[in-house]
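As a basis for the values below, the full set of heavy atoms in this structure was taken, side chains included, without hydrogen atoms, waters or symmetry mates.
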Amino acid sequence: MDQKYNPRKIEEKWQNYWESSELFKVEEDPSREKYYLMEMFPYPSGKIHMGHVRNYTIGDVVARYKKMQGYNVLHPMGWDAFGMPAENAAIANKSHPAKWTYQNIDNMRSELKRVGFSYDWDREIATCKPDYYHWEQWLFLKMHEKGMAYRKESFVNWCEPCLTVLANEQVEAGMCWRCGKPVRQQRLPQWFFRITDYAEDLLAYCDRLPGWPEKVITMQRNWIGKSIGAEIRFPVEGTVTEIPVFTTRQDTVFGATFMCLAPEHPLVTELSKGKQQEKEVNQFIDRMSLQDRSSRAVDTYEKEGVFTGAYCTNPLSGGRMPIFTANFALMEYGTGAVMSVPAHDQRDFEFAKKYNLDIVVVVNPFDTQLDAGAMTESFTDEGVMVNSGRFDGMKSRDALDAIAGYLEENGIGKKTVSYRLRDWGISRQRYWGAPIPMIHCKTCGIVPVPEEALPILLPEDVDLLDGGRSPLPSLESFVKTDCPRCGDSQARRETDTMDTFVESSWYFERYCSPGFKTGMFKKEAVDYWMPVDQYIGGVEHAILHLLYSRYFTRVLHDLGLVKFKEPFTRLLTQGMVCKETISCPEHGFLFPEEVESKDGGRICKMCGATVELGRIEKMSKSKKNVVDPRTLLEKYGADITRLFCLFAAPPEKDLEWSEQGVEGGFRFINRVWRLAREWMNDIEDIKAVSPFTDHPDRLNGEIRALYKTTHATIKKVTTDIEDRFHFNTAISAVMELVNACYGIDGNRDDPLEPQVKRFTLEAVVLLLSPIIPHLSEELWEAMGHKESILLAPWPTYREDALTKDDLLIVVQVNGKLRSRFTVSPDADEETIKSMAMEDERIQKFIHGKPVKKVIVVKEKLVNIVI
RNA sequence: GCGAGAGUGGCGGAAUUGGCAGACGCACUGGACUUAGGAUCCAGCUCUGGCAACAGAUUGGGAGUUCAAGUCUCCCCUCUCGCACCA
C-alpha cells in the first residue's frame with residue numbers, strides 16, 4: 001500500500017479493471033431477483049455538468065448497493081440524441097448534427113467513465129440511430145391504426161425563433177421552454193397523440209404511485225386538471241345554431257346574462273358577418289392572434305371584448321344574452337365558450353362592470369341578501385338559490401346536481417367531465433428528429449408507410465439552412481415517393497419529425513434488449529426487467545417526460561406489448577446544484593476569476609467596482625456560477641467528487657457548492673486511507689487473521705465497544721440507504737466509526753483485538769464501497785481479497801451486538817433536564833425511579849416539595865413533576 | 001389568486017415512533033508537532049450572565065394539547081417551487 005493516497009493512480013486502475021472484467025454486464029436470470037435502476041439519460045450537449053454528476057452518483061450508489069445485496073441489477077445509460085441544439089450547433093459550425101452529436105456522445109461517455117459509474121455500457125443506446133427510431137416509427141403506425149395518432153388542423157403554439165410548433169407542456173407561462181421567447185398561436189395541420197383518452201386513467205393511478213414524490217403527483221394531477229360540471233346548449237337568436245358551453249357552476253345558470261366566445265371560436269366571424277360590428281370584431285380577432293400568450297396570461301391583464309351583434313337565449317331563465325368575444329375565453333379549454341355569470345364569477349363580474357352588462361344574483365349567502373347593484377366583487381361561495389324558478393330556496397350545492405338533472409331531462413344539456421389536458425402535438429418542423437412515417441397522396445389522402453418499408457431514414461446528406469428551417473421539404477430525394485396504396489409517383493412524404501419527447505417515452509423498455517432486431521424490444525427481457533424499480537432525475541421533468549412515459553406505457557399495454565401500466569415504481573427527484581453568484585454593477589455576472597480581493601472587500605478586475613455577492617442559484621452558464629466537473633476530477637478525483645455530492649445534502653434537496661466541503665471530503669478519505677495503512681502495515685497481524693464475527697460477550701474493554709459500534713453502524717448505514725436514500729447521514733455514521741477507530745489505544749495482549757480490528761476495517765470499506773468505489777476496491781485488495789468488493793456481500797449486523805452495555809438515563813424535573821446517570825440494562829423501573837429520586841442534584845430541586853407524579857420511560861428518562 | 005414544500009448555531013445539515021436539540025462536516029479559536037503549514041494530531045465552539053460550578057434563554061412569530069413539543073393542533077409571518085383568466 002502506498003504511503004500517500006493517490007486518487008489518479010487508484011481510479012485509473014479500477015476503472016480499467018471494471019471495464020475488462022465486465023462486472024456490470026447483466027443478463028436476464030429468472031432465478032435471481034432483478035432490480036432495475038435508471039437515471040434520466042442526458043442530452044448529448046458536449047460535456048457533463050455537476051447536475052449530471054450528482055444525479056448519476058446517487059443512482060450509482062443505489063446500483064452498487066443493490067448489487068452487493070445480491071440483486072441482478074440493470075443499470076443502463078444512453079443518449080437523448082435528437083433535438084434542436086445539434087441542428088443549431090451544426091449550422092453555426094457548418095457541420096452536421098450527426099457528427100456534432102456523435103462527437104459529444106464520445107466525449108461525454110469518457111467523462112462518465114471517469115467518474116466510475118457502474119453502467120452496463122453494452123446496453124448503451126442513442127435515440128438518433130435508425131435501429132432505435134425504426135421502432136418508434138413502427139409504434140407510430142400501430143397508434144395510427146388505432147386512431148391513437150391522428151392529424152388535425154388546429155391552433156398550435158408556434159415559436160418563431162425555433163421555427164417550430166411546441167406541445168402545451170413545452171410552453172411555460174407563454175414562453176418557449178427552450179429559447180424563452182414568446183409563443184404565438186397559429187393554425188397548422190399537425191400530428192397528435194390522443195393522450196386525452198387516458199386522462200382519467202393517468203389521473204386515477206396518481207393514487208397508486210406511493211413511491212413517487214407527492215409534489216410530482218400533485219403537479220400531474222393539476223396538469224390533467226379534471227373538472228366535473230355540465231355542458232349546456234344556448235340557442236342563438238334567429239338561427240338554428242346552438243352554442244355549447246362547459247361550466248362547473250350549473251347552479252348559477254339563471255344568472256348567466258351574457259356569453260363570451262374565444263376570439264378563435266369559429267362562431268365569432270359567423271355571427272358577426274354582415275352586422276355593423278363585423279369590422280370591429282375582425283380587428284379584435286386579428287389583434288388577439290398577434291398578442292402572445294404571455295401577456296394574455298398575466299394576472300393584471302385587463303379583460304376586454306367586443307360585442308358580436310348576436311344574442312342567444314338563456315335556456316333556463318329565458319333571458320336575452322348578448323354574445324361577446326373576449327380575450328379571457330380560451331379556445332383550448334372546454335368548448336371555447338363561457339356562459340358569463342357576473343354575480344358569481346369574478347372574471348365575469350369585472351367584464352360586466354366594464355361593459356355595463358346585467359348582473360343577476362342567483363345565490364345568496366346563508367346569512368345575508370346580496371344587492372346586485374351594490375356588489376363590489378362577485379360572490380363565489382355556496383349559499384341559497386334565488387331568482388332560479390323552481391330551484392329557489394335550495395342550497396346551491398344541492399342545486400348543482402338538481403339543475404344538471406333537469407338539463408338532461410329536458411335535452412338542454414348533460415353532465416360532463418372536462419380536462420385541462422389536451423392531446424399531445426408531436427409534429428416538429430425541424431430536421432434533426434425521427435421522420436413521421438406517413439405519405440400524402442393526391443388520390444388516397446394520408447397513407448401510412450408499410451411496416452416493411454421502415455425505417456424511414458432521416459437523410460444525412462443534407463445542407464442545413466440558415467435560420468434553422470428544415471431542409472426536408474425541399475429535399476426531393478426524400479419527399480418524392482410512390483403512394484403505397486395506388487402507386488402514384490407524385491406522392492409526397494410527411495416532412496415533419498417527431499417531438500424528441502417521443503424517444504424518451506420508451507427508452508427504458510429498449511434498454512432491456514437494446515440490440516433487438518425484430519421489434520421494439522424482446523418480450524421476455526421486458527417481462528423480466530420492467531417496470532423500473534427506481535428512477536432518478538430532475539424535477540423539471542415532473543410533467544413533460546414523466547407524463548408522456550406513463551401515457552406511452554398505457555398505449556403499449558393496450559397493444560398487448562407489455563403487462564404493466566406504470567413504468568416507474570419509485571421515483572426520486574434530486575435537487576439542483578447551486579452556487580453563489582457574483583455580480584458587478586457595471587459588468588453583470590462575473591466568474592470567480594474575474595474578481596480580486598482588495599482591502600478586505602472584493603472588486604471587479606475590469607472596472608474596480610465593489611462586487612455584489614448575489615443569491616445562491618442553480619449553476620448556469622449565464623450566471624457564471626458553474627463548476628466544471630472535469631476540474632474537480634482532475635484536482636481531487638472521482639471518489640471525492642462523489643463523496644461531496646452525497647454528503648453535502650440529502651438527494652432531494654438542493655446542493656450548495658462549497659470548495660471547503662470538498663476539502664472536508666478529501667480529509668475524510670485520507671483519514672480512512674491512513675487508518676487502513678496504520679492497521680495493516682503497522683499491525684501486521686490483522687492481515688493474517690479473519691474478522692471477528694462472534695458474540696460480543698467474548699470481548700472486553702474498548703474492543704468490545706468498537707465491535708458493538710461497528711454493528712450499530714452497519715445497521716444505520718443500511719437503513720439510511722435502503723429506506724431513505726439519506727447518504728449524508730450514512731456517511732456521517734461511517735465518519736463516527738472511523739473516529740472511534742482512531743480512539744483505540746490498542747492492547748497487544750488481547751488475542752482477539754486484531755480480529756475485531758479487521759472486522760471493523762472491512763465494515764468501513766464495505767459500507768463506503770458504493771459511495772467511493774475506487775478507494776474501497778483498493779483497500780479491499782490490500783486486505784488480501786482476490787475478488788472485487790462488488791462481489792462481496794453487503795455486511796450484516798448481529799442483533800445481539802446492538803444491545804448497550806449500560807444505559808444513560810436522563811432525569812427531568814417538570815420537564816427540564818436536571819441530571820443524568822447510567823444504569824445496567826436489566827435495571828427495573830422501580831430501581832431507576834429510586835435512583836433518580838435519590839440523585840443529589842435532583843434532591844436539590846425537589847427540596848422537600850411534594851412530588852405529584854413520576855414518569856419513567858424505559859431505557860430513556862425519568863420526569864419528576866412537583 | 002390556487003396548490004405543494006420549507007424555515008433549526010457563523011455555514012451545510014442531524015434528531016426514523018412526542019422523550020438529552022444541534023450528530024457529522026465546514027468555518028473559527030487555542031494548543032502540540034514542525035525550518036515552514038493551507039499537512040497532521042489534541043482541545044474548545046448555540047446565545048446571555050459568570051473565573052468557575054452553575055443558571056437562564058433557544059428550532060420563523062404567537063397560542064394550545066401533553067408529565068414532556070423541532071416533532072401534534074390552530075392562527076400569523078417569510079422564503080422557494082409549480083400552476084396561473086381552466087369557465
Task: Mutual orientation of the aromatic rings belonging to Phe351(A) and Tyr355(A) [parallel < 30°, tilted 30-60°, perpendicular > 60°] - done: tilted
Task: Side-chain touch Val341(A)/Phe258(A), heavy atoms, less than 4.5 angstrom - done: no
Task: Rounded distance (Å) that lies between atom C1' of rG1(B) and atom NZ of Lys303(A) - done: 11 Å
Task: Polar side chain donor-acceptor pair, Glu663(A) to Tyr636(A), under 3.5 angstrom - done: yes
Open item on the list: More than 12 heavy atoms of other residues, nucleotides or ligands under 6.0 Å from NZ of Lys804(A): yes or no?
Closed with: no
- [ ] Indicate, with a heavy-atom threshold strictly under 4.0 Å, whether Val857(A) touches base, sugar-phosphate, or nothing.
- [x] base
TODO: Mark yes or no for whether Ser396(A), through its side chain, and Val363(A), through its backbone, hold a donor-acceptor pair below 3.5 Å.
DONE: no
Task: Distance-only donor-acceptor check, side chains Asp345(A) and Ser378(A), under 3.5 Å - done: no
- [ ] Using the closest heavy atom to pick a nucleotide of RNA chain B for each, name whichever of Gln660(A) or Phe845(A) lands nearer the 5' end.
- [x] Gln660(A)
- [ ] Measure from CD on Glu736(A) to P on rA15(B) and round the result to the nearest Å.
- [x] 12 Å
Task: Those residues of residues 722-731 of chain A lying under 4.0 Å from RNA chain B by at least one heavy atom - done: Arg724(A), Asn728(A), Thr729(A)
Open item on the list: Is any side-chain heavy atom of Leu768(A) closer than 4.5 Å to one of Ile669(A)?
Closed with: no
- [ ] Answer with yes or no whether the side chains of Asp423(A) and Thr196(A) bring together a donor and an acceptor at under 3.5 Å.
- [x] yes
Task: Thr218(A) side chain near Lys215(A) side chain, heavy-atom distance below 4.5 Å - done: no
Task: Thr248(A) and Ser227(A): side chain donor to acceptor below 3.5 Å - done: no
Open item on the list: Expected output is a numbered-order residue list: members of residues 340-351 of chain A with a heavy atom under 4.0 Å from any atom of RNA chain B. What is it?
Closed with: Arg347(A)
Open item on the list: For a quick check of understanding: with a heavy-atom distance under 4.0 Å over all strands, which category does Ser658(A) fall into, base, sugar-phosphate or nothing?
Closed with: nothing
- [ ] For nucleotides rC74(B) and rG49(B), find the distance between their P atoms and express it as a whole number of Å.
- [x] 39 Å
TODO: Would you indicate what Phe647(A) reaches in the nucleic acid, counting non-hydrogen atoms under 4.0 angstrom: base, sugar-phosphate, or nothing?
DONE: base
- [ ] Take nucleotides 33-45 of chain B nucleotide by nucleotide from the 5' end and write B, S or -, depending on whether a protein heavy atom sits under 4.0 Å from the base, only from the sugar-phosphate, or from neither.
- [x] ------SSS----
Open item on the list: Any base atoms under 4.0 Å from Leu808(A), or only sugar-phosphate, or nothing? Heavy atoms, all strands.
Closed with: base
TODO: Write out the stems for RNA chain B, ordered by first number and formatted as range with range, counting runs of at least 3 consecutive Watson-Crick or G-U wobble pairs under 3.5 Å.
DONE: B:1-7 with B:77-83, B:10-12 with B:24-26, B:28-32 with B:40-44, B:46-49 with B:54-57, B:60-64 with B:72-76
- [ ] Taking the side chain as every heavy atom from C-beta outward, state whether Asp639(A) and Pro7(A) have any atom pair closer than 4.5 Å.
- [x] no
Counting only pairs under 3.5 Å, give me each side-chain donor-acceptor contact of residues 813-822 of chain A, with atom names and distances, residues two or more places apart or in other chains.
{"from": "Asn814(A)", "atom 1": "OD1", "to": "Ile866(A)", "atom 2": "N", "distance (Å)": "3.0"}
{"from": "Ser819(A)", "atom 1": "OG", "to": "Asp839(A)", "atom 2": "OD1", "distance (Å)": "3.1"}
{"from": "Ser819(A)", "atom 1": "OG", "to": "Asp839(A)", "atom 2": "OD2", "distance (Å)": "3.1"}

TODO: Report the residue (Leu817(A) or Lys853(A)) whose heavy-atom-nearest nucleotide on RNA chain B is the more 5′ of the two.
DONE: Leu817(A)
Open item on the list: So if I take every side-chain heavy atom of Asp720(A) and compare against rC83(B), rU16(B), rG13(B), which nucleotide ends up nearest?
Closed with: rU16(B)
TODO: For Asn863(A) and rA69(B), give me the distance from atom CG to atom C1', rounded to whole Å.
DONE: 13 Å
Open item on the list: Just the rounded figure in Å: distance from C1' of rG3(B) to CG of Leu203(A).
Closed with: 15 Å
TODO: Would you jot down, in residue-number order, the residues of residues 212-220 of chain A having a non-hydrogen atom under 4.0 Å from RNA chain B?
DONE: Lys215(A), Thr218(A), Met219(A)
TODO: Report which part of the nucleic acid Lys858(A) touches: base, sugar-phosphate, or nothing (heavy-atom distance under 4.0 Å, all strands).
DONE: nothing
